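A short write-up of the structure that comes next.
In what follows, every heavy atom counts, from backbone to side chain, and hydrogens, waters and symmetry copies are set aside. Source: prediction; values computed, not measured.
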Amino acid sequence: GYRFRHGHFIVPYAAIGAAITSYTETSTVAGESFDSDGSKTGFVGAAGVELGRGLFRVGAEIGYSTVSGVVGLGGVSQVYGEDDIGGFHLSAPLSSR
């Protein structure tokens with residue numbers, strides 16, 4: 001990640017990175033039981049802004065994450081045609097130093 005204008009009252013930032021996602025699926029559909037688990041690498045990206053100085057700051061962040069090909073191979077995710085874990089997120093972080 002990178003913080004632009006570090007040390008100012010308003011500090012925008014951007015970050016990208018890799019993620020390792022682990023999942024377990026246990027479900028029953030129409031009387032049939034499905035159990036599966038696995039893990040796979042993915043992508044995470046975010047951009048946001050931090051407001052404040054001193055000990056505590058607040059902010060806003062939007063990001064996206066994706067892990068393709070980890071679901072849809074079996075179980076309920078295959079029944080419903082799901083093939084991706086992830087999506088957009090919004091957050092309001094509170095940070096301290």
Side-chain angles (χ1 to χ4, degrees):
Y2 185 79
R3 292 185 180 281
F4 307 93
R5 299 180 47 182
H6 189 71
H8 291 82
F9 183 76
I10 299 173
V11 180
Y13 62 90
I16 60 171
I20 298 175
T21 301
S22 178
Y23 76 96
T24 300
E25 177 184 351
T26 303
S27 54
T28 303
V29 175
E32 189 173 348
S33 182
F34 296 98
D35 296 318
S36 62
D37 60 5
S39 62
K40 192 155 184 172
T41 58
F43 164 80
V44 179
V49 64
E50 236 179 34
L51 305 171
R53 287 194 180 152
L55 189 59
F56 295 104
R57 289 172 301 286
V58 296
E61 178 179 291
I62 184 168
Y64 183 78
S65 64
T66 184
V67 180
S68 297
V70 72
V71 294
L73 306 174
V76 175
S77 61
Q78 185 178 29
V79 171
Y80 291 107
E82 298 168 347
D83 62 356
D84 187 18
I85 296 175
F88 285 97
H89 72 267
L90 296 171
S91 62
L94 173 63
S95 59
S96 66
R97 293 199 189 239

Under 4.5 Å between side-chain heavy atoms, hopping through other hydrophobics if needed: is there a path connecting [X] to [Y]?
X	Y	result
Val49	Ile62	no
Phe9	Val58	yes
Tyr2	Ile16	no

At their closest point, which heavy atom of Pro93 faces which heavy atom of Ala60, and how far apart are they?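 Residues Pro93 and Ala60, closest heavy atoms: CD-N, 3.9 Å.
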Which heavy atom in Ser22 sits nearest to a heavy atom in Ser39, and how many Å separate them?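 Of all heavy-atom pairs spanning Ser22 and Ser39, the closest is CA-CB, 4.0 Å.
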Under a 4.5 Å cut-off applied to non-hydrogen side-chain atoms, are Thr41 and Val67 in contact?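 Contact flag for Thr41/Val67 side chains = no.
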Contacts of Phe88 that satisfy ring-ring contact (aromatic ring centres under 6.0 Å, His included) - sequence neighbours left out: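 Counting only residues at least two positions away or on another chain, Phe88 forms a ring-ring contact (aromatic ring centres under 6.0 Å, His included) with Tyr64.
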Which of these, Glu61, Glu50, Arg3, sits in a side-chain hydrogen bond (donor to acceptor under 3.5 Å, both in side chains) with Tyr13?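 When side-chain hydrogen bond (donor to acceptor under 3.5 Å, both in side chains) is applied between Tyr13 and each of Glu61, Glu50, Arg3, only Glu61 qualifies.
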Enter the distance from Ile10:CD1 to Arg57:CZ here, rounded to the nearest 0.5 Å.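 CZ of Arg57 is found 14.0 Å from CD1 of Ile10.
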Would you say Ile20 has more than 12 foreign heavy atoms packed within less than 6.0 Å of its CD1?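 Result for CD1/Ile20: open.
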